[in-house]
Amino acid sequence: MPSALPDGEPVPDDGALPAHALAGAADRPLGFYLHVPYCATRCGYCDFNTYTATELRGTGGVLASRDNYAQMLTDEIRLARKVLGDDPREVRTVFVGGGTPTLLAADDLVRMLGAIRDEFGLADDAEVTTEANPESVDERYLATLREGGFNRISFGMQSAKQHVLKILDRTHTPGRPEACVAEARAAGFEHVNLDLIYGTPGESDDDWRASLDAALGAGPDHISAYALIVEEGTQLARRIRRGEVPMTDDDVHADRYLIAEETLSAAGFDWYEVSNWATSEAGRCLHNELYWRGADWWGAGPGAHSHVGGVRWWNVKHPGAYAAALAAGRSPGAGREVLSDEDRRVERILLELRLREGAPLSLLREQGLAASRRALAEGLLQEGAYAEGRAVLTLRGRLLADAVVRDLVD
């Protein structure tokens, strides 16, 4: 089941933000994340805030059905307009995630985008992305999205090998994600991403190479490759605990990452974030860069997280509770926190160090600077960038990114 929300102070019923959160807002990009919590089935590794029809039955889920979901998201988008007041910013990025957003009708996704356009306006060069399950779209669906203003799409491929997909409880047919890329291109999508997962129990190096080759052969301009994380409470965690499938160790994850870097770079893809590669700067995911650079975004939907001007908040998780709050005219926020200057400094290091441009050394305290000099000597940071005042990970540093970050934030 989905993981628990963090603790925090209450969110006002009207969702109002402290005045300081909006100070200087015009100088920061604004994005929207729209969460669609529905899935046809639950994948064995997933602990996202998602629900199948069976899980919602008898729990108030009728208040938040697929049929009326676009209207609920529209209601929260209108709430965002009230909370942000006369904020003049047009929206720079929109990302629809889940769950499986494409379980909704394409017209519903277009309607939610239309609400953002009506309330805030979209920048002329706005990036508008939706995630999609390969089995839940066809040519007509994709054409409707493109005509409605979507210009980027991300397909969950995970693997090209049937036995790996089976372990992950993925239901799509091998080869279908690659076909989806061609269909998206035909519909007019310029930017297409494929998501891959490495380190699944039972996956071999050759399986992983085959997945990379299949993804590249499809012709996307962006590929995300993530190490499988086995979260407590998931079906996969229970299977590993019972000894039904083996746990993949960190050395295997490192080997698979090196294979990904070698294969993708040889094909003209450059890394710009530890787990993300693109064929050009235009192919990078601008929405995710908002997160990594601490910009502003409003997350609409059950369990969605938002951040504006150093204030972070999160919505109630269950679709029924979310629907009830909006129906009562209340913010669906479950809690929030106001980040201190120190919190924001630490988060900048945590997030920016993962980027190709790295983090300024000026963010580091004395112990962090000492740690950065050790990391430089150990070949974890790039010498040229360091001399210019930035901490930028080397390839070896990317393999140990979490450990490097922990040392630098001290």
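All values derive from a computational prediction rather than experimental measurement.
Under the side-chain contact (heavy atoms from CB on, under 4.5 Å) criterion, Leu258 pairs with Leu395, Leu399, not counting sequence neighbours. Residues meeting the side-chain contact (heavy atoms from CB on, under 4.5 Å) test with Ser275, sequence neighbours left out: Tyr226, Glu273, Arg354. Shown here are the ring pair (Phe, Tyr, Trp, His ring centres under 6.0 Å) partners of Trp313, two or more places apart in sequence or in another chain: Trp298.
The aromatic rings of His307 and Trp297 sit tilted, their planes meeting at an angle between 30° and 60°. The aromatic rings of His287 and Tyr33 are tilted relative to each other, their planes meeting at an angle between 30° and 60°.
Under a 4.0 Å N-O distance rule, the pair Arg140/Asp138 does not qualify as a salt bridge. A salt bridge links Asp206 to Arg209: one of the charged nitrogens lies within less than 4.0 Å of a carboxylate oxygen.
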task = Could you walk me through whether Tyr322 and Glu76 pass side chain to side chain donor-acceptor pair (under 3.5 Å), step by step?
result = CA-CA 10 Å; Tyr322 174 79; Glu76 189 177 354; 2.6 Å; yes
message = Using side chain to side chain donor-acceptor pair (under 3.5 Å), reason through Arg111 and Gln71 one step at a time and then give a plain yes or no.
response = CA-CA 9 Å; Arg111 179 183 173 191; Gln71 181 58 54; 2.3 Å; yes
task = Quick one: do Met112 and Leu104 satisfy side-chain contact (heavy atoms from CB on, under 4.5 Å)? Show the steps, please.
result = CA-CA 11 Å; Met112 294 188 300; Leu104 299 183; 4.2 Å; yes
request  = List the steps and the verdict of side chain to side chain donor-acceptor pair (under 3.5 Å) for Asn315 and His35.
outcome  = CA-CA 11 Å; Asn315 286 346; His35 186 67; over 6 Å; no
request  = Report the C-alpha distance between Leu103 and Tyr69 in whole Å, list the side-chain angles of each, state the deciding distance to 0.1 Å, and finish with yes or no for side-chain contact (heavy atoms from CB on, under 4.5 Å).
outcome  = CA-CA 11 Å; Leu103 284 180; Tyr69 194 73; over 6 Å; no
key: Stepwise side chain to side chain donor-acceptor pair (under 3.5 Å) check, His305 with Tyr291   = CA-CA 11 Å; His305 287 233; Tyr291 298 155; over 6 Å; no
task = Take Asp14 and Lys82 through the side-chain contact (heavy atoms from CB on, under 4.5 Å) test and state the conclusion after the steps.
result = CA-CA 9 Å; Asp14 62 359; Lys82 292 178 182 177; over 6 Å; no
Arg92 and Leu30: CA distance, side-chain angles, deciding distance, side-chain contact (heavy atoms from CB on, under 4.5 Å) verdict = CA-CA 6 Å; Arg92 181 69 183 84; Leu30 174 65; 5.9 Å; no
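Looking at Leu34 and Ile77, their side chains come closer than 4.5 Å, going by heavy atoms from C-beta outward. Glu203 places none of its side-chain heavy atoms less than 4.5 Å from the side chain of Ile197. Inter-residue side-chain proximity for Pro332 and Leu79 is flagged as met; some heavy-atom pair is nearer than 4.5 Å. Looking at heavy atoms from C-beta onward, Arg336 lies in side-chain contact with Val311 at the 4.5 angstrom threshold. For the pair Glu183 and Phe189, the minimum side-chain heavy-atom distance is 4.5 Å or more. Annotation: side chain of Leu145 is not in contact with side chain of Val128 (no heavy-atom distance under 4.5 Å). Between His191 and Cys285 the shortest side-chain heavy-atom distance does not fall below 4.5 Å. Side chains of Glu289 and Glu127 form no contact here, defined as non-hydrogen atoms less than 4.5 Å apart.
Taking CG of Asp221 as the start and OG of Ser280 as the end, the distance is 6.0 Å to the nearest 0.5 Å. Atom CZ of Arg152 sits about 11.5 Å away from atom CD of Glu190, to the nearest 0.5 Å. Once rounded to the nearest 0.5 Å, the distance linking CG of Leu350 with CZ of Arg406 reads 10.5 Å. Here the CG atom belonging to Leu264 is positioned 5.0 Å from the CD1 atom belonging to Ile223, to the nearest 0.5 angstrom. Atom-to-atom distance recorded for Ile167:CD1 and Gln162:CD is 11.0 Å, nearest 0.5 angstrom. Summarising the geometry, atom CZ belonging to Arg390 is positioned 12.0 Å from atom CG belonging to Leu381; distances are rounded to the nearest 0.5 Å.
Heavy atoms only, all atoms of each residue included: Val164 and Ser159 are closest at CB-OG, 3.5 Å. Contact between Gly379 and Thr394 at its shortest, heavy atoms only, is O-OG1, 2.6 Å. Taking both residues in full, the closest heavy atoms of Gly199 and Leu228 are given as O-CD2, 4.0 Å, listed atom of the first, atom of the second, then distance. Scanning all heavy atoms of the two residues, the minimum distance from Asn193 to Asp195 falls at ND2-OD1, 3.0 Å. For the residue pair Ala215 and Leu196, the shortest heavy atom distance occurs at CB-CD1, 4.1 Å. In terms of heavy atoms, Ala21 sits closest to Leu17 at CB-CB, 4.3 Å.
Within a 6.0 Å sphere centred on CD of Glu383, other residues, nucleotides and ligands contribute 12 heavy atoms or fewer. More than 12 non-hydrogen atoms from other residues, nucleotides or ligands lie less than 6.0 angstrom from CZ of Arg176. The number of heavy atoms from other shown groups lying within 6.0 Å of CD (Glu262) does not exceed 12. Heavy-atom neighbours of Glu90 CD from other residues, nucleotides or ligands within 6.0 Å: above the threshold of 12. Few gaps surround CD on Glu342; more than 12 heavy atoms of other groups in view lie less than 6.0 Å from it. More than 12 heavy atoms of other residues, nucleotides or ligands lie within 6.0 Å of CG in Asp125, so this atom counts as buried by the packing criterion.
Side-chain atoms of Asp296 do not come within 3.5 Å of backbone N or O of Pro29 as any donor-acceptor pair. Side-chain atoms of Asp213 do not come within 3.5 Å of backbone N or O of Ala210 as any donor-acceptor pair. At least one donor-acceptor pair closer than 3.5 Å links the side chain of Arg89 to the backbone N or O of Ala25. Looking at Asn151, its side chain does come within 3.5 Å of a backbone N or O of Ala126 through a donor-acceptor pair. When atom types are taken as modelled, the side chain of Trp208 and the backbone of Arg256 share a donor-acceptor pair closer than 3.5 angstrom. In this structure, the side chain of Arg345 engages the main chain of Leu363 through a donor-acceptor pair within 3.5 Å. Of the possible polar contacts, none joining the Thr130 side chain to the Ile153 backbone as a donor-acceptor pair under 3.5 Å is found. Side chain of Arg348 to backbone of Pro360: no donor-acceptor contact under 3.5 angstrom is found.
Taking the centre and axis of the six-membered ring of Phe120, the NZ or CZ atom of Arg81 falls inside the cone set by 45° and 6.0 Å.
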